[in-house]
Amino acid sequence: DVFLRLEVVGDLVDQDHELLLSAHHGTQFGPDLLRLRSRYVVSSVGPPRLDRLVRPEYGSIGTHVRTDTAGDVMIYMHEAGTHLATCHC
């Protein structure tokens with residue numbers, strides 16, 4: 001829903017984020033999302049039919065990590081910073 005997305009973006013813009021999860025496996029994107037900034041954007045890419053639909057524009061928000069290429073993603077957040085690890089387990 002475009003109106004919900006605009007409301008969420010309005011709440012999150014102009015803030016520093018460490019991690020954002022992309023919408024619907026990374027397939028949903030609107031130009032308003034380019035206003036967001038984050039260290040990482042993670043797309044949990046589901047069934048193989050979705051892999052070609054993941055939007056590369058998420059890379060404009062932050063480091064885009066896709067589970068179909070990176071494997072399992074583990075995020076560790078603590079006062080020393082945010083660390084991301086991946087594993088093809």
Legend entry - Under 3.5 Å: donor-acceptor pair, side chain of R37, backbone of S60: yes
Inset, instruction - Can you tell me which residue pairs pass the ring-ring contact (aromatic ring centres under 6.0 Å, His included) test with a partner in residues 70-89, sequence neighbours excluded? - result: H78-H83
Legend entry - ring-ring contact (aromatic ring centres under 6.0 Å, His included) pairs, two or more places apart, involving residues 12-34: F29-Y58
Legend entry - Residue list, salt bridge (charged side-chain N to carboxylate O under 4.0 Å, His left out) with D72, at least two apart or on another chain: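 Partners of D72 under the salt bridge (charged side-chain N to carboxylate O under 4.0 Å, His left out) test: none.
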[X] side, atom [atom1]; [Y] side, atom [atom2] - distance, nearest 0.5 Å:
X	Y	atom1	atom2	value
L19	S38	CG	OG	6.0 Å
M74	L84	CE	CG	8.5 Å
S43	L50	OG	CG	10.5 Å
R52	D68	CZ	CG	13.0 Å
T69	H64	OG1	NE2	8.0 Å
L36	D11	CG	CG	10.5 Å

Taking all heavy atoms of [X] and all of [Y], pick out the closest pair and write down the distance.
X	Y	result
V45	T67	N-OG1, 2.8 Å
E57	L34	O-CD2, 4.1 Å
A70	V65	CB-CG1, 3.7 Å

Inset, instruction - Report yes if some heavy atom in the side chain of V9 is under 4.5 Å from a heavy atom in the side chain of L33; otherwise report no. - result: yes
Inset, instruction - Can you spot which of D51, V73, T86, V42 makes a side chain to side chain contact (heavy atoms under 4.5 Å, CB included) with R66? - result: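 Of D51, V73, T86, V42, side chain to side chain contact (heavy atoms under 4.5 Å, CB included) with R66 is met by D51 alone.
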Legend entry - Option among L20, I61, T82 that satisfies the side chain to side chain contact (heavy atoms under 4.5 Å, CB included) test with Y40: T82
